[in-house]
Amino acid sequence: MPFAHIILSGSKIDERVKTSIRESVERFLIDILGNSPQFLSVLIQEVPCGDWHIGGHVPGFSAYAHVRVTEGRTTEEARAKFIAALYEAFVILAGGTLSEATYIVVEEMPANSWGFGGITQKIRKQMK
């Protein structure tokens, strides 16, 4: 049950770019982090270009990803692979140039601290 919050900024962001990012995130969550597709949740948010600054400059394309997963469901190696794959997807969509200051966070959430359908992940696991 991962939740991915993707924030994008750039003059050339359109529905094609958003769809490509969403599909990449979903594919990586399934293929790399081993999540089930039925509970994937991806939120893509766009920020006006002038509102995003890196090193005092407004970049042509910016991206930030914060992915929350249940603690203990992924490995350090899988998280590193996910971060590298998503960064590469961002680079491709940016046209080959992207600031190194592009952050991708994979946060492990304690099972008793989050859930869906009104049930924490800890309780959901106990119910199985």
Side-chain angles (χ1 to χ4, degrees):
M1 109 170 199
F3 178 81
H5 184 187
I6 311 299
I7 303 174
L8 303 172
S9 182
S11 60
K12 297 181 181 179
I13 294 174
D14 57 17
E15 289 308 309
R16 180 195 61 80
V17 169
K18 291 178 187 178
T19 298
S20 180
I21 289 291
R22 180 187 50 77
E23 289 173 349
S24 293
V25 169
E26 289 173 349
R27 185 175 67 254
F28 300 154
L29 286 169
I30 294 166
D31 295 346
I32 298 172
L33 295 184
N35 294 109
S36 300
Q38 71 265 31
F39 297 115
L40 299 181
S41 186
V42 178
L43 169 64
I44 296 179
Q45 197 171 21
E46 191 173 349
V47 174
C49 291
D51 290 350
W52 198 313
H53 295 251
I54 298 176
H57 303 283
V58 176
F61 180 90
S62 303
Y64 169 78
H66 191 154
V67 179
R68 291 170 180 90
V69 297
T70 303
E71 188 175 51
R73 293 283 316 270
T74 65
T75 66
E76 183 177 337
E77 179 183 354
R79 290 189 299 276
K81 188 174 178 182
F82 177 87
I83 289 168
L86 187 53
Y87 182 81
E88 184 58 32
F90 286 154
V91 168
I92 291 167
L93 287 171
T97 58
L98 184 64
S99 172
E100 190 175 354
T102 299
Y103 298 99
I104 300 169
V105 178
V106 179
E107 180 180 10
E108 290 190 301
M109 301 292 296
N112 65 347
S113 295
W114 82 318
F116 64 95
I119 302 170
T120 68
Q121 288 298 86
K122 182 177 180 177
I123 292 173
R124 189 172 300 283
K125 185 175 179 178
Q126 292 169 349
M127 292 168 50
K128 288 183 177 183

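Within the hydrophobic cluster formed by Ile, Leu, Val, Met, Phe, Trp and Tyr side chains joined at under 4.5 Å, directly or through other members, M127 is accompanied by I119, I123.
Under the rule for a side-chain hydrogen bond (donor to acceptor under 3.5 Å, both in side chains), the partners of Y64 that lie at least two apart in sequence or sit in another chain are H66. With sequence neighbours excluded, the residues that form a side-chain hydrogen bond (donor to acceptor under 3.5 Å, both in side chains) with E46 are K18.
Looking at I13 and F61, their side chains come closer than 4.5 Å, going by heavy atoms from C-beta outward. At a threshold of 4.5 Å between non-hydrogen side-chain atoms, the residues F90 and I104 count as touching. By the 4.5 Å heavy-atom criterion applied to side chains, L40 and P2 are counted as neighbours.
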For this session: Before giving the answer on side chain to side chain contact (heavy atoms under 4.5 Å, CB included), spell out for L93 and R16 the whole-Å C-alpha distance, their side-chain angles and the decisive distance to 0.1 Å.
Result: CA-CA 10 Å; L93 287 171; R16 180 195 61 80; 4.2 Å; yes
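Side-chain heavy atoms closer than 4.5 Å link hydrophobic residues (I, L, V, M, F, W, Y) into clusters, and following such links, possibly through other members, connects I83 to L86. Linking ILVMFWY residues whenever their side-chain heavy atoms come closer than 4.5 Å, directly or via other members, places V106 and Y87 in the same cluster. The same ILVMFWY cluster, assembled from side-chain heavy atoms under 4.5 Å apart, contains both V91 and V17. W52 and I44 are assigned to two separate hydrophobic clusters, defined by single-linkage of ILVMFWY side chains at heavy-atom distances under 4.5 Å. Cluster membership for Y103 and F82, using ILVMFWY side-chain heavy atoms within less than 4.5 angstrom, is not shared.
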Without placing hydrogens or testing angles, list every side-chain donor-acceptor pair under 3.5 Å for residues 21-34, not counting sequence neighbours.
| from | atom 1 | to | atom 2 | distance (Å) |
| --- | --- | --- | --- | --- |
| R22 | NH1 | E26 | OE1 | 3.1 |
| S24 | OG | S20 | O | 3.0 |

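The distance from atom OG of S113 to atom NZ of K122, rounded to the nearest 0.5 Å, is 9.5 Å. Atom CZ of F39 sits about 6.5 Å away from atom CZ of R124, to the nearest 0.5 Å.
Contact record, I7 with H5: CG1-NE2, 3.7 Å, taken as the closest heavy-atom pair. Contact record, A63 with L8: CB-CD2, 3.8 Å, taken as the closest heavy-atom pair. Minimum heavy-atom separation, A111 to T70: CB-CG2, 4.1 Å. Contact record, G10 with C49: C-SG, 3.3 Å, taken as the closest heavy-atom pair.
With hydrogens and angles disregarded, no donor-acceptor distance shorter than 3.5 Å links the side chain of S36 to the backbone of Q38. Proximity of a side-chain donor or acceptor of T102 to a complementary backbone N or O of S99 within less than 3.5 Å is detected.
Within the structure, salt bridge (charged side-chain N to carboxylate O under 4.0 Å, His left out) pairs that include any residue of residues 86-107 comprise R68-E107 (at least two apart or interchain). Screening residues 70-79 for salt bridge (charged side-chain N to carboxylate O under 4.0 Å, His left out), with sequence neighbours left out, gives R79-E108.
Within a 6.0 Å radius of CZ in F116, other residues, nucleotides and ligands contribute more than 12 heavy atoms.
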